[in-house]
Protein chains: 2
Amino acid sequence: MSTTELHRVIGGRLRQADQRYTYRRHQLVELLYQAPHPMHIPDILSANPALAQSSVYRNLALLEQVGVVRRVITSDQHARYELAEDLTHHHHHLICTSCGAVHDVVLPDDVEHVFDTTLVSVAAANGFTLSQHRLDLLGLCAGCR
Amino acid sequence: MSTTELHRVIGGRLRQADQRYTYRRHQLVELLYQAPHPMHIPDILSANPALAQSSVYRNLALLEQVGVVRRVITSDQHARYELAEDLTHHHHHLICTSCGAVHDVVLPDDVEHVFDTTLVSVAAANGFTLSQHRLDLLGLCAGCR
DNA sequence: ATGAGTGCAAAGGCTTTGCATTAGG
DNA sequence: CCTAATGCAAAGCCTTTGCACTCAT
């Protein structure tokens, strides 16, 4: 997806929720789009000091509601945020349990396929309607090993 | 593992860290052992009002350090805690994105095996030493659907 | 007896909210 | 113009910490 296409789609999702794609929201999305891994609030504020903390929180919550942003939960103290997978690509996270670093990783297609079919049926057997899965690989990064 | 065996093993891990297996810690472990899903602090305090909040936090942190308890991170506001997998069994979580309910689930052995081998090599390719994986199934529970 | 563990209350730290100001349509 | 959005400051809420008391060895 091109960057203009990206912003067009995001603008659409916001308008559908009667929300505007303002300058600040655009800046926020641009930051997440550039980053190779999920960002937390200190990351975001230092990357763009013009952004106000409270607005960042509010806008991330809004963007999450309309399906543009996903909140990534780590063992870190701060929550991390990334663009939704349908705007980027399906991936998982390598999380360093020592320093909290997060890397994006992609699994082989055949493995993902086994996951999908298995998980949907397992969820169904428990009365759940599956919407997504979240797989995190926890370990030590090269620097902390 | 029998319940006496369980407490014996836990006592050993605590002593190895120069910690005592006190009455309060025993009560806490017993609660987690009985529960069919990870518990958060309000759960724990209402299940056993004799427990002091600060001690529960301190003891859960200690038990996590010595590998007896695992902190489960959900989208919930409170952290949840369960006994470590080597004291119970390897499993995953079905998390309701609406009400925050968490159910334990087990995947077929062959699927788990594919996971293990694939994930270790993927992590290694990124310079990570894998210690565990965390797979959560997100969706709507029967009640919220 | 003596240090670890506990419990109450207060402080920390991430996140959310109130409110006056600014900006988008 | 007029409401939504923003930014600063203050409040909330989960969690951690200080400190005196209690318990275990």
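Below, chains carry the letters A, B, ... as their sequence lines are ordered, and counting in each starts from 1.
- For S54(A), no side-chain nitrogen or oxygen approaches OP1 or OP2 of dG7(D) to under 4.0 Å.
- As rounded to whole Å, 8 Å separates atom C1' of dA5(D) from atom CG of N59(A).
- Interface limits on DNA chain C: the 5'-most and 3'-most nucleotides within less than 4.0 Å of chain B heavy atoms are dG3(C) to dA9(C).
- Summarising the geometry, the separation between CD on Q65(B) and P on dT16(D) is reported as 11 Å, rounded to the nearest angstrom.
- Residues H113(B) and D116(B) bring no donor and acceptor atom of their side chains to less than 3.5 Å of each other.
- Under 4.0 angstrom from either OP1 or OP2 of dT16(D) there lies no side-chain N or O belonging to Y57(B).
- A salt bridge is defined here as a Lys NZ or Arg NE, NH1 or NH2 lying under 4.0 Å from an Asp or Glu carboxylate O, and R70(B) with D86(B) fails to meet this definition.
- Comparing Q53(A) and R58(A) against DNA chain D, the residue whose closest nucleotide sits nearer the 5' end is R58(A).
- Rounded to an integer number of Å, the gap from CD of Q27(A) to P of dT6(D) is 10 Å.
- Ring planes of H91(A) and H93(A): perpendicular class, angle over 60° (limits at 30 and 60°).
- Open room surrounds CG on D109(B); 12 or fewer heavy atoms of other groups in view lie less than 6.0 Å from it.
- A donor and an acceptor atom, one from each side chain of E30(B) and H7(B), are located under 3.5 Å apart.
- Straight-line distance from the OH atom of Y21(B) to the C1' atom of dC23(D): 18 Å, rounded to whole Å.
- In this pair, H92(B) and F115(B) present their aromatic rings tilted. The plane angle is within the 30 to 60° band.
- Between H26(A) atom NE2 and dT6(D) atom P there is a gap of 13 Å when expressed in whole angstrom units.
- Distance CD (Q19(B)) to P (dT25(D)): 13 Å, rounded to an integer number of Å.
- Where T22(B) and P42(B) meet DNA chain D, the nucleotide closest to each residue was compared, and P42(B) sits on the side nearer the 5' end.
- One atom, CG of L28(A), and another, C1' of dA5(D), lie 14 Å apart when rounded to the nearest Å.
- In this structure, L14(B) places its CG atom 15 Å from P of dA24(D), rounding to the nearest Å.
- The aromatic rings of H103(A) and F128(B) sit perpendicular to each other, their planes meeting at more than 60°, with 30° as the lower class boundary.
- Within 4.0 Å (heavy atoms only), A61(A) reaches no atom of the nucleic acid at all.
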